[in-house]
Structure formats: structure tokens, C-alpha cells
There are 2 protein chains.
Amino acid sequence: MRPTVHDIAAAAGVSLATVDRVLNQRPGVRHVTREKVEKAIREIGYVRDVAAANLAKGRTYSFVFILPASDNSFMHGLNDEVRAAVARSSVERTNIRTVEVPAFDPGALVQILDELCDERPSGIALVATDAPAVRDAVDRLVQDGIPVVTLVSDLTGSQRHHYAGVDNIAAGRTAARLLGRFLGGAKGEIAVLAGSMLVRDHRERLEGFAAVIAAEFPSLSILPVIEGRDDPDMAHMLVADALSKKSGIVGVYSLGAGNRGLIRALKEKAVDRSLTVIAHELTTHTRAALLDGTIDAILNQDAGHEVRSAIRVLKAKADGLAVIEAQERIRLDIFLKDNLP
Amino acid sequence: MRPTVHDIAAAAGVSLATVDRVLNQRPGVRHVTREKVEKAIREIGYVRDVAAANLAKGRTYSFVFILPASDNSFMHGLNDEVRAAVARSSVERTNIRTVEVPAFDPGALVQILDELCDERPSGIALVATDAPAVRDAVDRLVQDGIPVVTLVSDLTGSQRHHYAGVDNIAAGRTAARLLGRFLGGAKGEIAVLAGSMLVRDHRERLEGFAAVIAAEFPSLSILPVIEGRDDPDMAHMLVADALSKKSGIVGVYSLGAGNRGLIRALKEKAVDRSLTVIAHELTTHTRAALLDGTIDAILNQDAGHEVRSAIRVLKAKADGLAVIEAQERIRLDIFLKDNLP
DNA sequence: CCAAATTTGATGTACGTAAATCAAAATCTG
DNA sequence: CAGATTTTGATTTACGTACATCAAATTTGG
């Protein structure tokens, strides 16, 4: 049987009230007594029953998710997953609120974060814009003892407790190797479509991609990056333009969102050119393009897993419990025609 | 606030005791009264607080994991993950026992299953050997109200509540496309190494693989399957033999375990031949081979995820709760050199 | 319509923890 | 050493549910 607070009290030779004071760091316990109790806790291997504790506390976790107001399928999907989590949350004594902020806008993000510092929720998840001001705001929250996890895109040098997202350098490297191997030694140019170099995930994907192409596929050269702001129309225009002007393009790597535009451009300009195309994020559009052969592989991060992982980690941090690291590693999905979910 | 049993009582105009009788299907409630209470439950949207209920019941889940006694890295890894789960289990009011049975032996499996029918654990997870007798034994357990999930390999036509494993047909298809694309139109023969055609997962992988090769890569032909019984030494012998005799082999697909032997054979016989190799299951051996270029891609199922998923599902079934389907889908990992964990 | 059987209500205890109160004991201060 | 202060103990209530008991009300059978 699992030891309880009563067992600690008996083992340490103190009363239940004292054990409670130690366990919940309440004042009014002499140093020696506190140590006696802590020793007993260690020795009998007591672990607090979180379910019972939360029941007694009447605790409800209040989490805030800060999401960018971007109009692309991935962010919509992320939003849906958060909503799905909200729907389940009542069963789990969890209140989740979402806040929208303008995309690529550090100032707005900092303002929200500072407001939350007073509100003191049980935890915060945010899609970070990678700027020093944002980092400082997050660090203030962490100093205040509020669990913070970054979602999808990480924050350089911050104290955030956890990052719920994929390893984007690895993603870029993987894209490069797939593209290189699929092209099988052909010579030519690669077009790269990104959202913005202001977000860390896109920068990192490009970095990994360029490194592997340079080191292992010297017959391929990378054209200057096209920044489409994750916007379908902008992406369409820019890619169509590039395909018209450059005849040496043999492959495309789309590392951001806004793939609807990319796909449209490919169907207009490249039906006859047999390009190899690798894109990020599985959406209805990229899925259809993979099945009809317009896209050859899709790299994906599962937004649902990211959201659920963020919630699990926030909960664990709020309860002072350990997380199962292997469980919380967000994997990079590679989808071909054949292993679509 | 979440509604409680008190709210049901008030809404239905009955006493707490009656609500309790309905909720826990105890006798002594008239039909009309029972319906009145059930209507109230639906209307106010009551959901039982499982944590509080388990606390009151003093409930501990007792789960049994039935694993084959195979001496290969994957099964060892699976074992380790179950043990890790056991280590965590005390915190979660869960008792997990593992039972080893001889591999590929339906009779032994049936015997264990029948014994468990009397023991009545809260749930059972098993790596199924795909035989009618096993299916019948599982169905008996399910009829008895014991939650059963299959792990890694599924059971054809059984009533098991859930399958915690990858889609093996998709895995085979994916392997075929990767191999075909990596070979870039080259002509030649493909060697396939399997464990045994008696287990469903291996059969399915081969089926998917052969289908895609035939349909989309007609320049490749598949040699008769080599059955290595998931045994490293046997695999080594058979593969070395095949490589010596056949000079037309351009690729290898290893769809089972025992890859240590495969890798040894490749290093002995094929250093100069530039084969494209795709294998299943990430282990220390396959990982090293991927990094040194002996293997080109590894398809993997994460044993840790499978075990944790199985436990989550068993718990949910034991509590009569819904599972989050998307969360429990076990994904096929594709690892290249660049995205290893 | 009365007795027997069934159904319902009222109430208490338990699970493991949190939190509060008040009294008693120990320690410190001058 | 008295008095103030700090530390400790004892006890109670609560969280939401399960389960048991006994009494009261209702329904059923003859």
C-alpha cells in the first residue's frame, strides 16, 4: 500500500498538522523538525496523491494559450486543437482560455504577457515570436513562479520550462536529404519558400536545410529565400514568378505555411517540369497535393500532440511533478502518399 | 462549476442514495425513478469525477502485459518500457504485471489468457500471435467484460477493444516508395528479410511493400522472402548467403527484427555494392548503421508510446470513459540520419 | 385492506489530502 | 523566572464519490 500522510507522521514521530505544514511549506516549523519530517518522507518513499490533493484543494488549473492571429491552415488547426482541449477540460478540472495576438508582433505579445503576470494563471503556453523583449517578459513570468511553455516556435535563451514543438533544424536537414535523395544526383537549383525569417522555426529549418544541401548534395544550389509571410496569395505570386524566370529549378522546399498558394503556382507553371517538392504541415490542401503527385513528401508537426503535450507539461509543472521526457518529445512526421493518417 | 451527485439529486427530485443506486447500477430502484435520474444526468451534463470515485473506492487498476520471450532488441525495448511504466505505476494507482510466453506459440498464449479469465484483472495487453484459437480466447475475455488491447501485432477478426500499434500495410507501402525513390529508376532485385509469416504485422508489411513495388516501380523485382525468425544469427547467415549468390540485388527491406545479423552481413558482403537498405525498428544497432551509411532509412514504432497508449486505453475502458482517438493512433516514425531522437 | 415486499430517504463513514482553529507545550527574551 | 513568542498537537471540516445501514414510505399480492 502506498504510504500516506499518516504514515509520515508516525514515522517522524510528529503530528499530522506538522506534516501538513512541512508538505505545504507553511510557516511555524522548527528547522530540526522540518528535517525530521523530510527524512521520514524520503525514507518511506511518500508521494503525494495528486488526485486527492486536488480534490481537497478544489483546485482547477487555469491555463492561457497565446496564439498568433494568422490566417493559414496550420494555425487554424492549432486553434481547433486548443478548442478540442477546452471541450475536454471540464472533465479534467482545467480551464483553458485562448488569447489571440497579431502575428510577428513582439510588442503585442509582451503586453499580453505582462498583463498575465498580474492575473497569475496556473500556466501559460505561447507561440513565441523570437525577440529579446519577449524573452524578458517570459523570464519575468518564470521568476514569478508561473509555468511557461513555448509552442511550435521556441524562444532563444529564455527560461521557459519546456518547448512543445519539433526540432526545426532536424526538420530542415531531413527535408534536404529527402530532396537530395529523391533527385538522385541531378544538377539544378532549389527554390525555398518561407514565411518570415523573424520566427525562429523558419530560420532553423532553413539553416538545417542549407547545411545538408551544401555538405552532401553539391550538385544542388539554393536560390535566395522567398518570404511569403505564410500568406497563400503572396506565396502564389512569388513562386509563380520564380518558376517563370528560372528554368533551372528542379526542386522546391516550402518550410512555412501558405501552401495553398504554392500548390496553385505549381499546378499552373510546373505540370510539365517534374519538380520534386517537399512541404511542411499536413492540411487538406497539402494532403490532396501529396496524393495527386504535386508534392512528394510532407513534413508535419501534429498540432494536437503539441497542445496535449503542453497541457500535460503545464499540469505537471503546476503540481511540481516530473514529466516523462520521451513522451513529450514532439516528433517530426514524414508523410508520403502511403502513410497518411 | 462541475455538477455533482448532489445536483443530480436536486434536479431529479430524489435523494442522494437513489442517485447513487442508479449511478452504480445497484438494485432497488423503480424503472420510472431510474429514468428520471438518468434524464437529469443527461440534462445537467453530469460526468463522474473519476479521481474522487477511485479515491472512494480505494481502487487500484491491475493490468497484465503478455509479451513474447524473443531475444531481439525490439522486444527488449518493449520490456524496458513496460518496466518503466511499472515504476511509475504506483503513483497512478496502477499495478502492472508482465507475463512472458514463448514466441510464435498460440497454444501457450491461449493457456495464459484462459487463466486470466478467472483472475479477472482490470485489463490485459498482449502481443498477439494471429491464430483463431487466440482470437477465441480474447473474445471470451471481452465477453467477460475485461478490457483487452493488442500490442504491436493485431488479431484478425477479434473483439479486442483497441490495437496499440502501427498500420503495418502502410509501413510496407512507405518502405517500398522510399526504396523506389531512393533508387531513382534503377533496375534490379530487392531482398526482403522477415521474421516469420505467422505474425500478422510481418505479413502485412510484406503485402504493402509488394503492392507498391509492383504498381509503381516495375523495374524492381522482389526475391523470395527470407525468414530469419527475428534471430540475429539466422538472419546473418541467410542474408550473407543471398548476397553472395545474387549479384543483381540493389536494395534490401528488412521488415522484422534481428537486424544485428543483417548489418553484419551487409558489412561483410556489400561494402562495395552501394545497396539501398531500409529496415524496421530503431535500436542501438540500426541507429549506428543509419549513421554510418549502411542503412538508408529506418521505419520505427515507438515502443514507449505503444505501452503508454495501451495503459491509457485500458484505464479508459475500465472506467467506461472515451479515448481520444487521435492521441492513441500510433504513428510510423521514419528516421533518416538527420532526425534521429 | 392488511401484511409482505419493494422502493426510497436520511444519515454516517471512508478514501487521502488541505486548511483552519484553538489549546498546549516548548523555546526565547529581557 | 515571568511573560511573550514560537512551535507543535489535536481536532474538525471539506472536496466528490462509494457504500452500508436503518427507518420510512410506497407499492404489490392475496
Side-chain angles (χ1 to χ4, degrees), chain A residues 1-41 44-61 90-95 122 318-321, chain B residues 1-41 44-61 90-95 122 318-321:
Chain A
M1 270 294 113
R2 258 179 91 170
T4 74
V5 281
H6 294 87
D7 300 319
I8 305 177
V14 300
S15 78
L16 226 96
T18 303
V19 173
D20 180 70
R21 289 179 186 116
V22 173
L23 275 177
N24 297 291
Q25 17 226 13
R26 271 184 266 278
V29 185
R30 258 190 317 165
H31 197 71
V32 281
T33 317
R34 167 158 276 134
E35 295 212 316
K36 209 165 57 179
V37 174
E38 280 166 352
K39 182 157 162 283
I41 290 175
I44 67 176
Y46 168 83
V47 189
R48 183 199 248 104
D49 182 329
V50 182
N54 286 345
L55 178 61
K57 275 193 270 208
R59 155 163 222 169
T60 54
Y61 303 86
S90 71
V91 184
E92 295 154 6
R93 300 180 168 300
T94 309
N95 257 304
S122 332
D319 290 332
L321 292 180
Chain B
M1 269 294 112
R2 254 179 96 170
T4 75
V5 280
H6 295 85
D7 300 320
I8 305 177
V14 299
S15 78
L16 225 90
T18 302
V19 173
D20 180 70
R21 288 178 186 116
V22 174
L23 276 177
N24 298 291
Q25 19 227 10
R26 270 185 266 278
V29 185
R30 254 190 319 166
H31 196 70
V32 281
T33 317
R34 169 158 274 134
E35 296 213 315
K36 208 164 58 176
V37 174
E38 280 165 352
K39 182 159 164 281
I41 290 175
I44 66 176
Y46 168 83
V47 189
R48 183 198 247 106
D49 184 329
V50 183
N54 287 345
L55 178 61
K57 274 192 271 206
R59 156 166 220 167
T60 54
Y61 303 86
S90 71
V91 184
E92 294 154 6
R93 305 188 117 58
T94 309
N95 258 305
S122 333
D319 290 332
L321 292 180

Apply side chain to side chain contact (heavy atoms under 4.5 Å, CB included) to B/Val29 and B/Lys36, showing your working. CA-CA 11 Å; B/Val29 185; B/Lys36 208 164 58 176; over 6 Å; no
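One finds the CZ atom of A/Arg48 at 13.0 Å from the OG1 atom of A/Thr4 (value rounded to the nearest 0.5 Å). Between A/Asn54 atom CG and A/Asp319 atom CG the span is 5.5 Å, to the nearest 0.5 Å. How far NE2 of A/His31 is from CZ of A/Arg34: 8.5 Å, rounded to the nearest 0.5 Å. Taken to the nearest 0.5 Å, the CD1 atom of B/Ile8 stands 10.0 Å off from the CG atom of B/Asp20. Taking CD of B/Glu92 as the reference point, atom CG of A/Asp49 lies at 11.0 Å (rounded to 0.5 Å).
Distance CD (A/Glu35) to P (D/dT7): 14 Å, rounded to an integer number of Å. We find that CG of B/Asp7 is positioned 9 Å from P of D/dG16, with the value rounded to whole Å.
Here B/Gly58 lies out of heavy-atom contact (under 4.0 Å) with every strand.
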I'd like a list of close polar pairs between nucleotides 23-29 of chain D and the protein, N/O only, cut-off under 3.5 Å.
none

For nucleotides 16-25 of chain C, print each protein N/O atom paired with a nucleotide N/O atom at under 3.5 Å, atom names and distance only.
unit_1 : atom_1 : unit_2  : atom_2 : d
C/dG16 : N2     : A/Ala52 : O      : 3.3
C/dT17 : OP1    : A/Tyr46 : OH     : 2.7
C/dT17 : OP1    : A/Asp49 : N      : 3.3
C/dT17 : OP2    : A/Val5  : N      : 2.9
C/dA18 : OP1    : A/Asn24 : OD1    : 3.4
C/dA18 : OP1    : A/Arg48 : NE     : 2.6
C/dA18 : OP1    : A/Arg48 : NH2    : 3.1
C/dA18 : OP2    : A/Asn24 : ND2    : 3.3
C/dA19 : OP2    : A/Arg26 : NH1    : 3.1

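Residue B/Thr18 has no polar side-chain atom (N or O) positioned under 4.0 Å from OP1 or OP2 of C/dT8.
Annotation for A/Lys39: atom NZ does not count as buried by contact number, only 12 or fewer foreign heavy atoms lying within 6.0 Å.
The backbone N or O of A/Arg93 lies less than 3.5 Å from no partner atom in the side chain of B/Arg2, so there is not a single donor-acceptor pair.
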